[in-house]
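First up is the structure itself, then whatever we jot down about it.
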Amino acid sequence: MTSFQAPKGTRDFYPLDAAKRRFITEAWRSASIRHAFEEVDGPIFEHLDLYTVKSGEGIVSELFSFRRDGGEKDYALRPEFTPTLARLFAAKAGSLPKPTRWFTAGPFFRAEKPQRGRLREFLQWNCDVLGDPSPAADAEIIATCVSLLASLGLTKNDVRVKVNHRAALAAWLESRGVPAATHGDLLKLLDAKGKMPPEEFAHKIAAFGFSPQQAEVFQKGVIRVTVPASVDPTSAAIDPLAPPTIDSSAHDVIDLTYFSDAVLPLAKELVAAGIIDWVDFDLSIVRGLAYYTGMVFEVHEAGGNDRAIAGGGRYDNLVEMFGGPSTPAVGFGMGDVVLALVLQDRKLMPSDQDVLRRVGATPDVFVVPGPAPEAEALVKPLTARLRALGLHARYSSKTTRNIGKLLKDASDSLARRAIILEGRDAASVKDLVSGQQIGPMPLDAAIALAAQR
RNA sequence: GUGGCCAUAGCUCAGUUGGUUAGAGCACGAGGUUGUGAUCCUCGGGGUCGCGGGUUCGAGUCCCGUUGGCCACCCCA
């Protein structure tokens, strides 16, 4: 006898796990649809070239790639959606509405060593706006992400959206005399600043011409954009028409002219979208990926140094890189693994029973035979009638006629109601939530009652 | 890729300095009693101790390897 284990970094989904997975993916879907995105999908595996074109051959060791026995083409399980998205868009760009708003949610694969918040097979949600260069599209992407987080019960105190602007940062650096060739090194240093003591960071960034005071602004990272409070003092809402301004204390230390040219229009859109108070502008958010060209953002658990819950930004050159027409684009991705960790952390993952209810896995009605001798034989025909009406109907697999045990079965199944068969044409209906029981009554009346929403 | 900790029933665990047919609780299944989510009673299925070697008269226990898990580093599209 050989026994098998699931491959490293994969998960098995037993019924409750599958229900939890649906809970998350359904939340993703409804947030996307609320924000006017349309669902698309592609193959789970693609030609290997699709990934090496953008990221170079080095990426191959991070992929699950394979060649069919006897075949000549190399394939890879998809590690991300963006190349597929660009391919789909490029193939039909001429006939697509502008802007194009697409989302997808499905499995992705990376050949990394598993650890907290990271598996080899995971689910990822992607939203992208193609063909809209405006800060409004940037804001809409962030707003969709925030909408999902809020729908799961997270608040602006649980999670923070950290936003930066690549192009503005680059222009500003250049205006300070930091040569473009060294920007990459500086971004890397900014990305790694959390992993070194402040003195070391200040020392290293001094090489790029920054004073210790300026290093501190980077170290703290956050620059708040303040907006005037609503005119109506009883409302906590921010006046959507008031112009936002950048925190002046940072302004005194670092000349933020270039930064503010890019940020204020975005901030204005974030105000309009009603999410400015979820957002911090953070000079140290750069994202690892080289292809971002403008706004970049990450969502982090407040006070936690966990992995990013979500991340994305603007990538205006990418579609062209995949052979499509030059198209401005902005998007983000969110994985299910870190999201689930954060929900558990914040005690926002619903109970097992609530998950089953919310994904619609619980029975509408449970059929129980009463003591009448013919009742047992009538259970299956009645169940069939209820199912034909579109109801989720079950009966016990137990052979006992003990009503208490059968009702326990009904209760364990989380059914809303039980029908107790009293005879050929008589039944009682018990509401398993309230405990109220009505009947006996004619069978048709019981069926009608059980079918009520 | 590097390192640390871990692996006994579906779950949580116990298992003496190596010593008979490896245990408990919960869960699960069958039946009985009482017409209502119970109570009580009886019975039952389940583990080649992750896997493979080694040491030993004898290994769940000691050693080596391997697979998987957790955690950190690297990386993170």
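Numbered from 1 within each chain, the chains take letters A, B, ... in sequence-line order.
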Nearest-angstrom distance, P atom, B:G50 to B:C11:
13 Å

Looking at every strand, decide which applies to A:Gly370 at a 4.0 Å heavy-atom threshold: base, sugar-phosphate, or nothing.
nothing

When you measure only distances, ignoring hydrogens and angles, does the side chain of A:Arg118 come within 3.5 Å of the base of B:C71 through a donor and an acceptor?
no

Which is true for A:Asp431 with a 4.0 Å heavy-atom rule: it touches a base, it touches only sugar-phosphate, or it touches nothing?
base

Does A:Arg110 reach the main-chain N or O of A:Arg120 with its side chain, forming a donor-acceptor pair under 3.5 Å?
no

If you check every side-chain atom of A:Lys405, which of B:U36, B:A77, B:U33 has the closest atom?
B:U33

Is A:Lys430 touching bases, backbone alone, or none of the nucleic acid, heavy atoms closer than 4.0 Å?
base

Re B:U42: Watson-Crick or G-U wobble partner, both distances kept under 3.5 Å, found to be B:A30

Both distances below 3.5 Å, Watson-Crick or wobble geometry, any strand: find the nucleotide opposite B:G1.
B:C73

Rounded distance in Å between the C1' positions of B:G58 and B:G19
7 Å

Touch class at under 4.0 angstrom, heavy-atom based, for A:Gly9 against every strand present
sugar-phosphate

Quote, to the nearest angstrom, the P distance that separates B:C76 from B:A7.
34 Å

A:Arg401 CZ to B:U33 C1': how many Å, rounded?
16 Å

Ring centres of A:Tyr75 and A:Phe45 under 6.0 Å apart?
yes

A:Gln115 has its side chain closest, among B:G37, B:C75, B:C73, to B:C73

Partner nucleotide, any strand, of B:A59 [Watson-Crick/G-U, under 3.5 Å]:
none

A:Lys8 side chain N/O closer than 4.0 Å to the phosphate oxygens (OP1, OP2) of B:U67?
no

Whole-angstrom distance between B:C49 and B:U21, as gauged at atom P:
13 Å

Separation between the C1' atoms of B:U56 and B:G69, rounded to whole Å:
31 Å

For the C1' atoms, the ones on B:C64 and on B:A59, what distance do you get once it is rounded to whole angstrom?
15 Å

A:Ser411, nearest nucleotide to its side chain (from B:A72, B:G68, B:G37):
B:G37

Measure centre to centre between the rings of A:Phe332 and A:Trp125, then say whether the value is under 6.0 Å.
yes

Of the candidates B:C76, B:U36, B:A72, the side chain of A:Arg110 sits closest to B:C76

Under 4.0 Å between a Lys/Arg side-chain N and an Asp/Glu carboxylate O for A:Glu46 and A:Arg87?
yes

With the side chain of A:Lys113 defined as its heavy atoms from C-beta on, choose the nearest nucleotide among B:G1, B:C70, B:U36.
B:G1

Name the nucleic acid region contacted by A:Asp412, choosing base, sugar-phosphate or nothing; use a 4.0 angstrom heavy-atom cut-off, strictly under.
nothing

Rounded distance in Å between the C1' positions of B:G15 and B:G53
25 Å

Atom P, compared across B:G23 and B:C28: separation rounded to whole Å:
23 Å

Does A:Phe23 reach the side chain of A:Met349, with side-chain heavy atoms less than 4.5 Å apart?
yes

Against the side chain of A:Asn402, the closest entry in B:A77, B:G37, B:U33 is B:U33

Looking across every strand, which nucleic acid part, if any, lies under 4.0 Å from A:Glu422 by heavy atom: base, sugar-phosphate, or nothing?
base

Salt bridge or not for A:Lys73 and A:Asp49, using N-O below 4.0 Å?
no

Within this structure, what is the CZ-to-P distance between A:Arg116 and B:C70, rounded to whole angstrom?
11 Å

Indicate, with a heavy-atom threshold strictly under 4.0 Å, whether A:Leu406 touches base, sugar-phosphate, or nothing.
nothing

